[in-house]
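All residue numbers in this chain count up from 1 along the given sequence. All heavy atoms count here, side chains included; hydrogens, waters and symmetry mates do not. Whatever order the structure lists ligands and atoms in, that order sets their numbers, starting from 1.
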Amino acid sequence: MHTSELKKLLSSMSLEEKIGQLVQLPGNLQQGGLITGPAGNFDLTEEELRLSGSYLSMVGASQLRQLQTEYMARHPHHIPLIFMADVINGYRTAFPIPLAQGCTFRPDLVEEGARVAAKEASAAGLHVTFSPMADMVHDARWGRVMESTGEDAYLNGCMAAAMVRGYQGNLTDRGTIAACLKHFAGYGGAEGGRDYNSVELSCRTLREEYLPAYKAALDAGCAMVMTSFNTLDRIPSTANRWLMRDVLRDEMGFAGVLISDWAAVAELINHGVAEDAAAAAKLAIEAGVDMDMASPCYIKYMKKLVEEGTVSPDLIDQGALRVLELKNLLGLFENPYRFLDEADEEKLILCEEHRLSARRCAEASFVLLKNEQQALPLSSQEKVAVIGPYMNAQTLCGSWAVFAEEKDVYNLQDALLRQQGPENLSFAPGCPMVDPSEQLVGFKCPVAQEQMDLEAALQEAVSLAKAADKVVLALGEHKECTGEAASRGDITLPACQLRLLDEVCKVNENVIVVLFCGRPLDIHALNERAKAILVAWLPGTEGGPALSRTLYGHAAPTGRLSMAFPYAVGQLPLHYTHLKTGRPYNGNPALRFVSRYQDMPNHPLYPFGHGLTYTSFRYSPVQLSNTLLKKGESLTASVIVENTGSRPGTETVQLYIRDQVGSVARPVKELKGFDYITLRPGEEGTVSFTITEEMLRFWNIDMKYTSEPGEFIVFLGPDSQTENAASFTLC
Ligand code: GLC
């Protein structure tokens with residue numbers, strides 16, 4: 001449809017019909033819908049149900065075909081429904097959680113994963129996914145770090161843009177869905193790492209650290225944006241006119257649909273900025289929120305607000321037109337079923353090609369934190385005891401893989417037996433996933449673990465460990481301990497798992513921990529005991545094969561931490577892009593009046609960008625093509641990397657830049673680029689980056705986004721703590 005026809009349609013619609021386009025109902029109001037938030041009671045009239053133009057969390061080709069057909073027949077103007085849901089790390093073929101995808105440092109793999117998800121979801125009738133989540137995260141206590149791609153603005157921007165490209169293509173291609181960027185803005189900065197809590201950021205920090213990744217997604221063409229639950233400067237985002245109209249729409253140029261998060265319009269009452277639902281509706285529509293997700297505010301009160309002159313009808317027209325434009329962008333007026341296709345749904349979901357793509361992404365997401373005495377890779381001749389509650393876990397998809405089914409997960413034990421055969425392998429759970437005393441809302445402990453005889457299980461594991469050459473200890477946090485509403489003040493492993501570690505380490509010194517988790521955990525206890533630690537995160541449907549291939553060296557780990565592992569929870573929030581302070585700590589314990597802890601180091605246990613593999617590399621000093629950089633010109637920073645080990649390997653070279661002096665304090669380092677190189681033993685290769693003046697810009701003392709002349713340090717190295725550096729001057 002042309003815009004003129006859309007405007008003609010709009011002008012023929014009643015006020016009630018226009019408001020209906022601004023409403024998204026939770027799927028549970030129809031049978032078969034999923035709940036991903038506090039289920040509300042809407043008491044909708046037949047008319048309100050008939051006019052509401054969108055459903056959330058409903059998928060499935062046959063059920064959506066039927067719903068669309070019936071709905072359009074009843075709608076006065078036969079305007080099609082738009083179906084949206086959370087396809088966060090895959091649809092039915094689950095990919096690694098986004099935090100793990102960030103660790104790949106491979107936007108191409110992340111884009112491929114989004115494309116696979118879009119093919120499956122669009123065949124199931126879905127039109128929009130509530131992804132990418134591009135929130136900056138510095139606090140591992142926050143359960144939703146698993147849904148982000150980590151602590152770095154540049155990496156997050158690369159990954160968010162990759163996901164948009166993967167989901168959307170150009171939206172007319174078969175197998176695409178629209179993307180919805182979330183949560184705008186600053187949700188990851190929740191105080192105390194506690195979900196839904198207040199966020200206190202300076203405007204400069206918001207712009208420097210938090211907005212760039214959102215902007216990268218919008219520059220990639222992201223079709224929608226979702227508001228965040230939090231306050232910024234004590235203003236809830238869903239009522240924040242400055243954030244939504246001045247920044248999002250005017251500065252960042254976003255012209256698409258802005259949807260609230262689940263019930264966030266109604267929650268303006270809880271925030272204490274709206275007396276009642278009508279006031280909440282007024283605040284949200286005036287802030288520019290086009291769609292009210294899962295709350296009765298717009299559907300129940302907007303008509304009266306307009307009729308009594310409290311809300312301008314223009315605001316309703318603007319919102320309704322944007323929603324009609326989105327439906328038109330998706331081709332729903334020409335074909336309300338779009339790419340919904342029962343045969344495709346059958347053929348594409350969990351097909352071998354998609355499983356292979358998920359396995360490749362999982363292999364690239366694993367991070368080898370340590371590997372003393374080359375404990376890994378394992379050899380087929382070694383007797384290996386695979387112990388721990390995750391040795392055969394099906395819960396590998398993460399809490400946001402809401403459409404993936406655990407029965408489809410290929411677990412570690414099955415993959416190892418298929419790859420290695422049973423001769424040199426033994427298996428035992430050793431303990432439950434979570435301490436029996438832990439009361440987790442929404443958590444269902446697997447029956448086998450609920451009825452476990454704890455002492456017998458421990459003894460069985462210890463006896464296997466005693467008889468083995470090496471132990472693979474599959475430990476971790478349960479998927480219900482990460483994700484939304486899963487913030488934790490203690491991020492250590494459950495006590496029952498730490499006891500298992502202790503008892504196993506007493507009888508076998510070759511312990512390799514495979515860690516399944518949705519956040520960087522406090523692992524300094526196990527770090528001292530394990531010879532090797534491989535972080536598997538929550539690796540998705542193909543986690544088992546990806547791990548068995550990696551453990552035995554058929555694939556080598558190449559992942560790099562997208563978020564640091566802290567020395568302890570007391571260090572949080574933590575990020576490598578910290579400022580120098582007036583009393584920087586250089587690690588000398590004799591220094592007292594400096595910015596340091598008395599009882600632990602400032603630096604994390606394992607820093608952003610860290611990751612080992614099965615070989616080693618040597619870096620040459622940084623070479624610069626010039627030590628002067630003029631505006632409009634560029635210079636090249638290069639390093640020669642040599643594979644000094646005995647196995648082929650892939651190294652991810654990271655480019656960091658430090659602005660030595662600025663009109664405001666500047667971070668000690670900022671990631672500005674990364675690239676990988678694969679080398680055979682003894683081989684060397686050059687990795688180069690182009691540096692431009694644009695890369696040096698920041699929000700200066702006058703809040704202007706600009707660069708300032710002066711000295712800059714260029715770092716090229718294997719992680720954010722590298723000191724391999726050279727300097728240049730911007731003229
Ligand atoms: C949830 C989440 C949001 C999700 C939405 C719909 O509360 O905050 O990320 O997309 O509701 O499920």
Side-chain angles (χ1 to χ4, degrees), residues 23-30 32-40 52 54-59 82-91 97-99 114 117 121 126-137 142-149 156 160 163-164 167 177-190 193-197 199 213-214 217 222-231 236-238 257-268 270-271 284 289-295 398-404 441-442 480 482-487 518:
V23 176
Q24 180 171 85
L25 299 178
N28 67 306
L29 294 189
Q30 295 282 348
L34 199 82
I35 277 291
T36 54
S52 296
S54 178
Y55 274 99
L56 158 62
S57 296
M58 294 198 72
V59 291
I82 186 166
F83 297 113
M84 306 187 192
D86 298 279
V87 177
I88 307 298
N89 51 300
Y91 175 62
I97 55 172
L99 189 62
L126 198 63
H127 302 141
V128 178
T129 177
F130 294 130
S131 173
M133 186 269 215
D135 297 321
M136 165 62 74
V137 293
W142 193 47
R144 298 193 79 163
V145 300
M146 55 77 66
E147 204 183 338
S148 78
T149 49
N156 289 348
M163 287 181 189
V164 171
Y167 291 131
I177 52 177
C180 176
L181 168 69
K182 67 187 188 183
H183 305 77
F184 201 77
Y187 183 23
R194 200 172 74 237
D195 210 350
Y196 317 122
N197 202 7
V199 174
Y214 300 131
C222 196
M224 282 185 71
V225 174
M226 181 189 294
T227 68
S228 62
F229 287 122
N230 57 285
T231 55
S237 297
T238 307
V257 171
L258 175 64
I259 189 169
S260 78
D261 200 340
W262 183 291
V265 176
E267 289 171 6
L268 295 175
N270 299 339
H271 277 290
V289 178
D290 298 315
M291 292 184 82
D292 175 9
M293 180 200 292
S295 119
S399 56
W400 270 116
V402 294
F403 300 107
V441 176
E480 295 306 333
T482 79
E484 183 171 356
S487 298

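Side chain of Ser57 to main chain of Ala85: no donor-acceptor pair is present (N/O by atom type, distance under 3.5 Å, no hydrogens or angles). Here the side chain of Ser487 pairs a donor or acceptor atom with the backbone of Gly193 at under 3.5 angstrom. In this structure, Ser148 contributes its side chain and Val145 its backbone to a donor-acceptor pair below 3.5 Å. At least one donor-acceptor pair closer than 3.5 Å links the side chain of Ser228 to the backbone N or O of Phe184.
Remark: ligand 1 and Tyr187 share no N or O pair separated by less than 3.5 Å (distance only, no angle test). The distance criterion of under 3.5 Å between nitrogen or oxygen atoms is not met by Ser57 with respect to ligand 1. An N or O contact shorter than 3.5 Å is missing between Trp400 and ligand 1 by distance.
Relative orientation of the His183 and Phe229 rings is parallel, given thresholds of 30° and 60° on the angle between their planes.
Close approach of ligand 1 to Asp261 is summarised as follows: ligand atoms under 4.0 Å from at least one heavy atom of the residue are 1 (C), 2 (C), 3 (C), 4 (C), 5 (C), 7 (O), 8 (O), 11 (O). Close approach of ligand 1 to Lys182 is summarised as follows: ligand atoms under 4.0 Å from at least one heavy atom of the residue are 3 (C), 4 (C), 9 (O), 10 (O). For ligand 1, the atoms closer than 4.0 angstrom to any heavy atom of Phe229 are 7 (O), 8 (O). Ligand 1 places these atoms under 4.0 Å from at least one heavy atom of Trp262: 7 (O), 11 (O). Remark: ligand 1 atoms within the under-4.0 Å shell around heavy atoms of Arg144 are 2 (C), 3 (C), 8 (O), 9 (O). Close approach of ligand 1 to Phe130 (heavy-atom distance below 4.0 Å) involves ligand atoms 10 (O).
Partner of Glu147 under the side-chain contact (heavy atoms from CB on, under 4.5 Å) criterion, chosen from Ile97, Ile88, Val137, Asp86: Ile88.
At a cut-off of 3.5 Å, with distance as the only test, no side-chain donor of Thr227 or Asp261 sits close to an acceptor on the other residue. Inspection of the Tyr187 and Asp195 side chains reveals an N or O donor paired with an N or O acceptor under 3.5 Å. Under the 3.5 Å distance criterion, with hydrogens and angles disregarded, a donor-acceptor pair is assigned to the side chains of Asp135 and Tyr214.
Taking only non-hydrogen atoms, the option from Gln24, Glu147, Glu484 nearest to atom 1 (C) of ligand 1 is Glu484.
Under a 4.0 Å heavy-atom criterion, His183 is in contact with ligand 1.
No part of Met84 comes within 4.0 Å of ligand 1, judged by heavy-atom distances. Residue-level proximity to ligand 1 for Met226 is carried by the side chain, the only part with a heavy atom below 4.0 angstrom.
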